[in-house]
Structures are given as C-alpha cells and as structure tokens.
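Report on one structure; see the data block that follows.
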Amino acid sequence: MHNLGFALDGAWQVLLAGLALGAGLPVLFALGIRSLAWASGGVGVPATVTGPSTATGPRRPLGAVVGYALFTVVVVGVLLGLTFIVASGFGYKLDFSHVYPTLIAK
C-alpha cells in the first residue's frame, strides 16, 4: 500500500511540472502577444472582405510592459531548461537552494 502512495506522490509532481513547463510557457507567450496587441490600441474589429481593419483605440503602455515581462519569464524558463539539460550532460546539477540557480558538481 505504501508503493501506491509513493507512486501518487510522484505522479502529481510530474503532472505539475508538465503543466508548468509543457503548457504554462506557451500560455504565458500567448498572453504576452495578447497584451502587446492590447497595448497597440487594437480594438478587436475583424478584417472585412475589402481589406484589413483600420480601427484603433487608445495606446496602452501598461500592456507593452506586461507583454515584455511575460516574454522575459518565457525566455528565462527556456534558458533554465536548456541549462538543466546541458549541465546534466557535463556532470553538473542545477541547484535552486539560493535565490538564483547555481551549478554544482554531482
């Protein structure tokens, strides 16, 4: 019965990591694109048969700040993932015991 508890404990951790890294980063990227569109003043009027929409609203600088902040989070997540993969290939381990990640020998 303890083995089932260990399996379920590991399963929820894998599920959480999969959601955060597998679906979380693309969702953050999409939200960044959406906030940049909101920042440019687009009001969401679809294009007509005669051509693209020219309707614009007021520009919102906060949307650009939020968009670039979300892109920064995505880039940091990708770089940490690549660092984890490369470090394990060279015999190092990515450690998060401090505020910032560090590489330590295995």
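Numbers for residues simply follow the sequence, beginning at 1.
Here the closest heavy-atom approach between residue P101 and residue L80 is recorded as CG-CD2, 3.6 Å. Between A39 and A64, the closest heavy-atom pair is CB-N, 3.2 Å.
Tested against L103 for a side-chain contact (heavy atoms from CB on, under 4.5 Å), the candidates D95, L94, V86 yield a single pass: L94.
Side-chain contacts under 4.5 Å among hydrophobic residues (ILVMFWY), followed directly or transitively, place V65 with no other residue at all. Residue V75 belongs to a hydrophobic cluster whose other members are L79, with links defined by side-chain heavy atoms closer than 4.5 Å.
The closest donor-acceptor contact from the side chain of R60 to the backbone of S40 lies at 3.5 Å or more, if one exists at all.
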* Evaluate the criterion side-chain contact (heavy atoms from CB on, under 4.5 Å) for residue pair I33 and F71; output intermediate values, then yes/no. => CA-CA 9 Å; I33 294 289; F71 291 147; 3.8 Å; yes
* To do: Before giving the answer on side-chain contact (heavy atoms from CB on, under 4.5 Å), spell out for L70 and V74 the whole-Å C-alpha distance, their side-chain angles and the decisive distance to 0.1 Å.
  => CA-CA 6 Å; L70 289 171; V74 171; 5.7 Å; no
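Qualifying side-chain contact (heavy atoms from CB on, under 4.5 Å) partners for I85, counting only residues two or more places apart in sequence or in other chains: none.
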List, one per line, each side-chain donor-acceptor pair under 3.5 Å for residues 11-30, sequence neighbours excluded.
{"from": "W12", "atom 1": "NE1", "to": "D9", "atom 2": "O", "distance (Å)": "3.1"}
{"from": "W12", "atom 1": "NE1", "to": "D9", "atom 2": "OD1", "distance (Å)": "2.9"}

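Pairs of residues two or more places apart, or lying in two chains, never qualify as ring-ring contact (aromatic ring centres under 6.0 Å, His included) while including a residue from residues 85-106. Residue pairs meeting the side chain to side chain donor-acceptor pair (under 3.5 Å) criterion with at least one member in residues 67-90: none, sequence neighbours excluded.
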